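Quick note on labels: first sequence line is chain A, next is B, and so on, each numbered from 1. FYI, side chains are in, hydrogens and waters are out, and symmetry mates aren't considered; it's all heavy atoms of this structure. If you're wondering where the values come from, they're calculated on a predicted model, not measured in any experiment.
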Amino acid sequence: MLEIRDLTTGYGRAQVLWDVTASVADGEIVTLLGPNGAGKTTLVNALSGILRPWSGQVLLNDIDLTATRPHLISQSGIAVVPEGRRIFPDMTVTDNLLIGAYNKRARPHHEGNVERIYEIFPRLSERKRQLAGSMSGGEQQMLAIGRALMAEPSLLLLDEPSLGLAPIIVENIFEVLKQLNQEGLSILLVEQNAVEALNLAGRGYVLEEGRIVGEGSSGELLADERLRKAYLGL
Amino acid sequence: GDDEGDAPTTTADVPTETSAAPSEDPIVVGGSLALTGFLAPTAAIHKVAGELFVERLNAAGGLLGRDVVWDVRDDESTPDQAAAIYERLITEENVDLVLGPYGTGTITAAMAVAEREGFVFPHHTASLTYAYTYACHFPTWPVGVDTNISNPNIVYDALEASGNPPATIGFVLNEFPGTQLIGYGPPNSDAGGAVSEAKKRGWDVVLEINFPTATSDWAPIASQVAEADPDFLYVGALGVDGPNLLTALDAINYTPKGHFYQWPAPGPLLGAPNADGAMSVTVFESHPPYTDDPEAASIVDEFAAKAAEAGIPYTLFDVQAATSWTAWQVLTAGVAGAGSLDQEEICDWLLNNPVETIIGTIDFDPAQQNYYGDLSVIKQIQDGKWVVVYPPEKALPGATPEL
Amino acid sequence: MNADLLTQAAVSGALIGGLYALMSLGLSLSWGALENINLAHFMFILFGAYVTYQLTSSAGIDPLLAALIVVPLGFAAGGLLQIFFEWAKVDEFKSLIISFGLFIILQSLARTIWSADFRSLDQSINPYVGSSFTVGSVSLQIPLVIAFVAAALIAFGTQAVMGRTFFGKAVRAVVHDPDTAQAFGVDHRRVGVLLAAIASAYSALAGVLIATFQSLSPTMAVGWFGIVFPVVILGGLGNAVGNFLAGIIIGVAAGVAAVIWGPLSASLVTFSIMVLALLFRPEGLFTRKAAI
Amino acid sequence: MKSRRRALTGFAVAFLILLAVPHLAERMDWPGFYLTFMFTAFFWITQSSSWNMLTGYSGYFSFGQGAWFGVGVYTTAVLAGKQGWSFLAALPLAGFTALIVGLLLGLVVFRLRSLGGEIFALTTLAVAFVLAAIARIFAAIDGGRGAFMTSVPLPEFLGEFRPAMYRMTLVIMMLTLVTAYLIYESRLGWGLFAIRDDEQVARGLGVPTFRYKMAALGANAFFGGLMGGVWALQIGFVTVEDVFSIRVPLFVILMSVLGGTRHWMGPVVGSLIIFTIVDRFNSAGFENFNQVFIGSLLILLVLAVREGIYLRIRERWVATASLFGLIIAASVIFNSSSMVWKFLWALLGILLMALIPDRAWQKLALRRRPTPSESREDRETVDA
Amino acid sequence: MSLLECQGVRKSFGGVRALSDVMMSIEEGEIVGLVGPNGSGKSTLINVLSGFFPADSGRVDFVGVDLLGQEAHEIAAHGIARTFQIPRPFATMTARENVAVSYMFGREKHSLAQARVAADEWLDFTGLASIAESNVDQLNLQQLKFLELARALATEPQLILLDEVLAGLNPAEIEGSVEMIRKIHDRGITIVIVEHVMRVVMSLSHRIVVLDQGRVIADGQPDTVMNDEAVISAYLGGKRI
Ligand SMILES: Nc1ncnc2c1ncn2[C@@H]1O[C@H](COP(=O)(O)OP(=O)(O)OP(=O)(O)O)[C@@H](O)[C@H]1O
Ligand SMILES: Nc1ncnc2c1ncn2[C@@H]1O[C@H](COP(=O)(O)OP(=O)(O)OP(=O)(O)O)[C@@H](O)[C@H]1O
Ligand SMILES: [Mg+2]
Ligand SMILES: [Mg+2]
C-alpha cells in the first residue's frame with residue numbers, strides 16, 4: 001500500500017534523510033526503530049505532508065504523494081499522530097477532533113466517529129469543551145491519537161504514541177491499534193518501547209543517521225544481538 | 001492704517017521692468033505647506049494659488065527682472081517639521097525669500113526660524129493674532145489684532161442689519177486655538193470674544209458646546225442644538241465641521257433658524273442639507289464687486305481652471321486663495337519697493353508703505369503688531385451659492401443678509 | 001437633562017455604533033483569526049468610500065448600488081494581500097509593519113487621485129444623506145440604520161460560520177500550526193485567503209456606508225484608530241458578535257457622555273471603558289472564557 | 001568587564017567629539033541647518049532607542065512612545081511656556097512626569113497575568129488618546145488653546161537657540177544610549193530577553209519579571225519624555241493634535257525595526273538612515289513620493305532583512321566601514337552640494353550592503369565568513 | 001525536618017479538581033518518583049510547587065518557608081527548579097544562552113561573563129556540548145528536554161522537579177540517562193521525578209508517591225507501591241512490574 005523510494009529530505013539546507021526506501025503492505029503493522037535523532041520523525045512528517053520531501057517518491061496505492069498537494073494527502077488516506085502531539089492548543093477538544101475529520105472522505109461521518117473516539121478515551125469526553133492546550137500531557141496525547149483516527153485513515157502513522165501515557169493507557173492503545181489493524185488499517189509505528197512495538201508489528205526497519213540500515217520480521221529483529229543492545233536495552 | 005471702508009482694490013501690483021527675458025538666476029522663494037496631514041485639505045488651495053501667482057508674475061517679467069521660483073515643501077502639518085524646513089531652506093539651500101506655511105502651528109514654528117535668521121515673513125493663515133510679535137512678520141489674514149472682538153461684531157452687525165436680529169444665540173466651538181480665541185478671547189485675558197460680545201448686545205446665550213477637533217460623531221451635539229433651539233447658531237467650525245453638524249441636525253429633522261460658520265471648507269458646506277442661509281466670513285468672493293476689476297476676474301478664471309486641474313473639487317477663488325494671493329503680493333511688493341533682496345530693506349519698506357492687494361490696501365501698523373484692522377465681510381449661502389451680503393458696499397449688488 | 005435628549009443620544013449612539021462595529025470587524029477578524037494586525041483595513045474602508053464617491057458622482061450609480069462593485073473589489077484586494085502575506089510568511093508583528101507601509105502608500109495614492117481636499121456626495125445624487133424617519137420622539141438616520149442592520153446581520157452570520165462550520169475551525173487551526181492543519185487536509189492558503197478576503201469585503205462595505213453621509217478626505221483614516229481599536233479590544237479579537245456589541249456600547253457611551261458632559265468627554269469615556277474592560281476581561285467583554 | 005570599560009570610554013569620546021561640533025560649525029561657518037539636522041537626528045535616536053529598551057528587549061510591543069513624548073512636551077510647555085518656570089528647572093520634570101505616567105500604566109497592565117502582548121500594544125495606543133483627551137479638557141494643560149514655547153528664554157551658557165538645542169539633545173541622547181547599552185550588557189537585559197521569549201519560564205528560572213518590565217517601561221517613558229521636554233522648543237506652538245499624533249510612535253517603530261530591535265545599536269542605525277532619507281526627500285522636493293517611498297522601504301526591509309540591518313552590517317563591518325568612507329571621500333572629491341547629501345549617499349551604501357543576502361555575501365567575500373547564526377560565538381565575545 | 005512538606009494542597013480549574021488535598025513530604029537527598037494516571041495532577045503539583053499556579057488552599061513548606069503565595073521567581077531563588085513536560089526553550093537564544101540566562105538568575109545572581117562558563121559546564125553534563133551554538137529551533141524533542149534539564153540545573157537548585165524528561169528515549173538510551181540523574185543526585189540535589197516509563201522510576205526512586213484524581217493514593221517503597229492493588233488498577237493495568 002505504501003511505497004517509499006529513495007526519499008531524501010531535511011530542514012533548511014540540512015539534509016536528514018538519505019535515500020530511504022521502505023514499504024508498508026496492506027493491513028500490515030510496520031515499526032520503525034532507531035536511535036535518538038536518526039530521522040524517524042522526519043520520515044513520518046515527510047509522509048504526512050507536514051514536511052515536503054526533497055526527492056524520491058512516496059506512493060500510496062500507486063498514487064504518487066510527492067506530486068500531490070500536501071493538504072490532499074489526508075484525503076488519500078494517511079493520518080498522523082505527530083511527535084510532540086501538535087494539537088491545536090487554543091481550540092476545544094471537540095474542535096481538535098473535528099479538524100481530524102476535515103478531509104472530504106471522513107467529514108460526512110464525523111458525528112459517529114467523534115462518539116467512537118469518546119468511547120475509546122472517556123477522559124476526552126469528560127472534557128469536550130476544555131481548551132486542548134490546558135489538558136495534561138497524556139490527555140493531549142490521547143487527543144492527538146483521537147484526531148488521527150477521526151480522519152478514517154487507511155494508513156496510520158504513529159510517532160511515539162505511548163509517550164507520556166500511563167502504562168494502563170498504553171496497554172489500552174495497543175489493544176485499540178491491534179483491533180483497528182484487524183479491521184484493515186495499515187500502521188507505521190515509531191516507538192521507543194521497542195519490544196512492545198515489535199510484538200505488535202510484523203516487520204520493522206532500523207533507521208540510523210537518516211539511512212535504513214536494517215530490516216526484518218519482528219522475530220529477526222528481536223533476535224538481533226546488536227539491536228538488542230542498542231535499542232532494546234536487553 | 002485702517003482700510004475697512006475701502007472699496008476692493010484688485011491690482012496685482014507687480015512691478016514690471018519690461019526688459020528682455022530675465023538673464024540672471026531665478027529668485028527662489030522658499031516655504032512649506034501642509035501637503036499631507038490633517039491640514040492638507042485646505043493647504044491644497046494655497047498651493048494652487050501660489051503657483052498661479054508665480055506663473056503670472058513670471059509671465060509679467062518676474063521680480064527685479066528675474067524669474068521667480070517657488071520652492072514649496074511638505075511640512076506634513078507638523079510644526080517641528082516646518083521649523084526644520086525653513087531652517088534648511090534659509091541656511092542650507094540659501095533661498096532668497098520665504099513665505100509662510102499654512103496653519104497656525106506651522107506658521108508659529110516657521111516664524112521663530114525666520115526671526116532667528118532675520119527673514120521677512122509674510123504669512124496668510126495664522127489665527128492667533130495676539131501672539132505674533134516678530135517685527136518683520138506680515139500677516140495677510142486680515143482680521144485685525146483684536147479679531148476676537150472685531151470678527152464676531154461684523155457678524156452681529158450683519159444680523160442687526162437683516163432687520164431680524166436674534167433674541168437667543170447658541171455657540172458650538174471647535175477646541176482649536178483659533179476658534180477658541182474668537183469665541184472667548186486670548187487666554188489669560190478678560191477681553192472676551194464672540195460669546196461675551198453677544199451678551200453685550202443683550203442676546204440670550206442658550207447653548208455653549210466645545211467639541212474636539214477630531215469629532216466624528218455629531219449626533220449628540222445635534223440633539224443639544226435642537227433642544228436649545230437658538231434663534232442663531234454660531235459655529236466655530238473648521239473644515240467639514242459645518243456640513244457634519246448640518247447632516248446630523250437634518251437627521252433629527254432640525255433646521256437651524258440662522259447659522260454662521262467660522263472657517264468652513266466652502267464646497268462641502270454648499271452640499272450639506274439645509275445649508276441655505278449659512279453665513280461665514282470672507283475677504284474675497286468670485287463675484288462682483290470683487291470681479292469688476294478685469295485683473296481680478298482673470299485671476300478668478302485662471303484659478304478655477306488650475307484648481308480643477310489639481311483635482312480640487314471646489315474651484316472658486318475665495319477667502320483662502322485670496323489671503324494666499326495677498327501674502328504673495330506683500331512679499332513681491334516689498335522686494336520691488338526696496339529694490340533689493342536685502343531682508344532688512346524689504347522689512348523697512350513694508351513697515352513704511354501701504355500695499356495694494358487683491359483684498360484691499362494694507363498698511364502694516366507696528367503699533368498693532370503689524371495688523372491693520374479687520375477687513376472681513378459676511379457671506380451667506382443664498383440659492384445654493386456663496387454671496388457677500390454685508391456690508392452693503394462690498395455685497396453682491398442687491399444682496400442683503402437674510403434671516 | 002431632558003429624557004428625550006438622552007434617548008435620542010442613546011439611539012443615535014447605538015446606530016453609529018453599528019457603523020463602528022462594521023468598520024472594526026475586518027480588522028478584528030484579521031487580527032483574531034489570522035493573527036495579522038492588518039492596518040490596511042483602514043485603507044479598504046477609505047477606498048471603499050472614495051470608490052463609492054467616484055462611481056456615484058461620475059457614473060450616477062446610487063451609492064448603495066455601488067456596493068455591488070466596491071465590495072467585490074474589497075474582497076479581491078484583501079485576498080491578494082493575504083496571498084502576499086502567506087508568500088512572505090509574515091508573522092503578527094511583521095504584518096503590522098507591512099500593512100502600515102501599505103497604509104501610508106495607499107493614503108498618498110488616495111491623495112493623488114482625489115486630492116487632499118474634502119469630497120462629499122452632492123445631495124442631488126445621494127438620497128441617503130440626512131434622510132431619516134422618526135419613531136416616537138426619536139429620529140433615526142437612514143444611512144446609520146442601514147449600517148446597523150448590515151453590521152448585525154454580518155456579525156451574527158460570521159459568528160455562525162466561524163463557530164459552527166468546518167471552515168471556521170480550519171481557520172483557527174491554520175493560524176496556530178499550518179503544517180499540522182495541512183496534514184489533516186486543510187488547505188491553509190485557501191482558508192486564510194478566503195477569510196482575509198471576506199474581512200476586507202466587510203471593511204469596503206463600511207466605506208460605502210460612510211460615503212453616504214460623511215465628507216471624505218485622505219487623512220480621515222487616522223482618526224478612525226481611536227474608535228476602531230477600542231471596539232476591537234472590547235469585543236474580543238476575532239469575535240464577530242462581541243465586536244458588534246462592543247460597537248454599540250462604545251457608540252452609546254460616547255453619545256450619552258457627549259450629551260451629559262460635553263463632546264470632549266466622549267473619547268475619555270470610550271477609552272475608560274476600554275481600559276476597564278482590559279483590566280477585568282482582557283480577553284474581551286464577550287469572549288467566553290474557555291469552558292471546562 | 002574590560003569590554004564594558006572600553007565601551008564606556010567609547011561613549012565618552014563620542015560625546016566629547018560631538019560636543020565640539022557647535023564650535024566647529026561656527027568656526028567653519030556651516031549652514032545653521034547642519035546643527036538642526038544633527039539635533040533632530042539625536043531626537044529620533046533617543047526616541048527609538050528608548051522605545052527599544054522596552055519593546056526590543058522585553059518584546060512588549062508599544063505604541064506608547066507618542067504618549068511619553070507628549071507628556072514630556074506638555075510638561076515643559078505648561079511649566080516653562082505657561083507658568084514661567086525656568087526651562088532647565090522644568091526639563092527634568094518632563095522625564096519624571098512621563099516616568100510616573102509610564103509606571104502607573106505598568107502598575108495596571110503588568111499586574112494582569114493573562115495580558116497578551118497585543119493587548120498591551122493597544123493599551124499603550126490608548127494611553128496617548130486618553131492623555132490627549134485630558135489635555136483638551138483641562139485648561140491648565142491646554143484646554144484647546146495650545147501653548148507657546150517661542151518666547152521661553154534659554155540659559156545663556158547653552159548658547160543661541162540652535163547650539164542650545166544641540167547640546168541639550170546631545171546630552172539626553174548620550175544618557176539614553178549609555179543606559180541602553182548598560183541594560184543590554186546586564187542581568188536586567190538578559191532577564192528582559194528571557195521575558196521576550198517566554199515570560200512564564202523566565203519567572204520560573206528566577207527572573208523578577210514584574211520589576212524588570214517596570215524598569216524597562218520606566219526607562220522608556222523617562223527618556224522619551226525627557227527628550228519630548230526639549231522638543232517642545234522646536235515645536236514652538238504646542239497643540240494636542242500635533243503632539244499626540246501617531247507620527248512619533250510609528251516612526252520610532254519604523255526606525256527600530258529597520259535597524260534591528262535585538263541590539264542596542266539597531267535603533268541608532270535605523271534612525272539615522274530613515275531620518276536622513278526622509279530629510280533629503282523633503283529637501284529634494286519629492287513630497288509626493290516621500291510617503292510612498294517610506295511605505296515601500298518599510299515593506300521591503302521587513303521582508304528582506306529580518307533581524308534588522310545592524311546585525312547584518314556588523315558581520316560585514318570592514319567592508320561596510322570602507323564603503324562608507326569611500327563614498328564620503330568620493331562625494332567630497334566630486335563635491336556634491338551639502339554635507340547632508342554626502343552623509344545620505346554613504347548611508348545608502350550601508351543600506352545596500354545590508355541588503356545583500358547572506359548567501360550572496362559568502363560568495364562575494366574572498367574568504368568565507370560565518371553566517372549570523374554560526375557566528376554567535378564571536379558575537380558573544382564582542383558583547384561580553 | 002523534611003525539605004519540602006505539602007499539606008492539603010488544592011487546585012481547581014473551573015470545574016476540574018486537579019489537586020484535592022495533597023499531602024506529601026520530601027526528605028533532603030531523596031529521589032522521589034511521582035507517578036499516576038494521565039491527568040491525575042502531577043504536572044499541576046509541579047506547577048504549584050514551582051509557583052506557576054497559585055494553589056487554592058493548603059500549605060507548602062520548603063526548609064521552613066511557606067511557598068504558597070510566593071512568586072515563581074522567589075521560589076526559584078529559594079532553590080527549587082523544574083523542567084517542563086512540553087519543552088519551552090527561549091526561542092531566540094542559542095542553547096548556551098538558554099542555560100546562561102538561567103544561571104544568571106538562579107539561586108544566586110551571577111554576571112553574564114560567569115554565566116557563559118557555567119552554561120558550558122551544564123551543557124557538557126547533559127551531553128549537549130555539541131549543540132551549544134545551535135538555535136533551539138534546530139533541536140529535536142529529546143535535545144529540547146535535556147536542554148530543559150540543563151537549564152534547571154543551572155539555577156543551582158536544592159530541589160529539582162523533573163516532568164517527564166526521559167520520555168521518548170529508547171531503553172538503551174535510558175540507561176545512560178539514569179546514570180546522569182544519579183550524578184545529579186550525587187551533587188546533593190534532591191529530585192522529584194515524574195515519569196511514565198516504569199523502568200526509570202523503579203531504578204531511580206528511593207520512594208514513590210502515586211497520585212490519582214488529585215490525591216495521594218500510595219506512598220512508600222517502590223516495590224510495595226507497585227504491588228498495591230489500587231495503584232495497579234488505576235495506573236499500571238495488567239502489566240505488573
Ligand atoms: N526543525 C528542525 N530543523 C533543523 N533540524 C532538525 C529539525 N528537526 C529535527 N532536526 C534534526 O534532524 C535530525 C533528525 O531528527 P528527528 O526528529 O527526525 O529524529 P528522530 O529519529 O525522530 O529522533 P527521536 O527519537 O529523538 O524522536 C536530528 O539531527 C535533528 O537535530
Ligand atoms: N489550565 C487548565 N484548565 C483546565 N484544566 C486543566 C488546566 N490545567 C490542567 N487541567 C486539568 O487538570 C488535570 C491535571 O492535569 P496535570 O497536567 O496535572 O496531569 P498530569 O498528572 O501531569 O498528567 P500527565 O501524566 O498526562 O501529564 C487534567 O485533567 C487537566 O486536564
Ligand atoms: Mg522523533
Ligand atoms: Mg503532566
Inset, instruction - Give, for atom CD of D/Gln200 and atom CZ of E/Arg88, the distance between the pair rounded to the nearest 0.5 Å. - result: 4.5 Å
Legend entry - Test item: E/Phe90 and D/Val201 side chains (from C-beta on) under 4.5 Å apart, heavy atoms: yes
Inset, instruction - Kindly compute the distance separating CG (D/Leu205) from CZ (E/Arg107), expressed to the nearest 0.5 Å. - result: 14.5 Å
Legend entry - Part of E/Tyr103 lying under 4.5 Å from any heavy atom of chain D: neither
Legend entry - Minimum heavy-atom distance E/Ala76-D/Gly204, with the two atoms named: CB-O, 3.3 Å
Can you list, pair by pair, the side-chain donor-acceptor contacts under 3.5 Å of residues 7-20 of chain E, counting residues two or more places apart and other chains?
residue: E/Lys11; atom: NZ; partner: E/Pro54; partner atom: O; Å: 2.9

Legend entry - Under 4.5 Å from a heavy atom of chain D, the part of E/Ser50 involved: neither
Legend entry - Closest non-hydrogen atom pair, D/Arg187 against E/Phe105: O-CZ, 3.1 Å
Inset, instruction - Under 4.5 Å heavy-atom distance to chain E, tell me which part of D/Phe210 shows up: side chain, backbone, both or neither. - result: neither
Legend entry - Closest contact, heavy atoms only, D/Val207 versus E/His73: O-CB, 3.2 Å
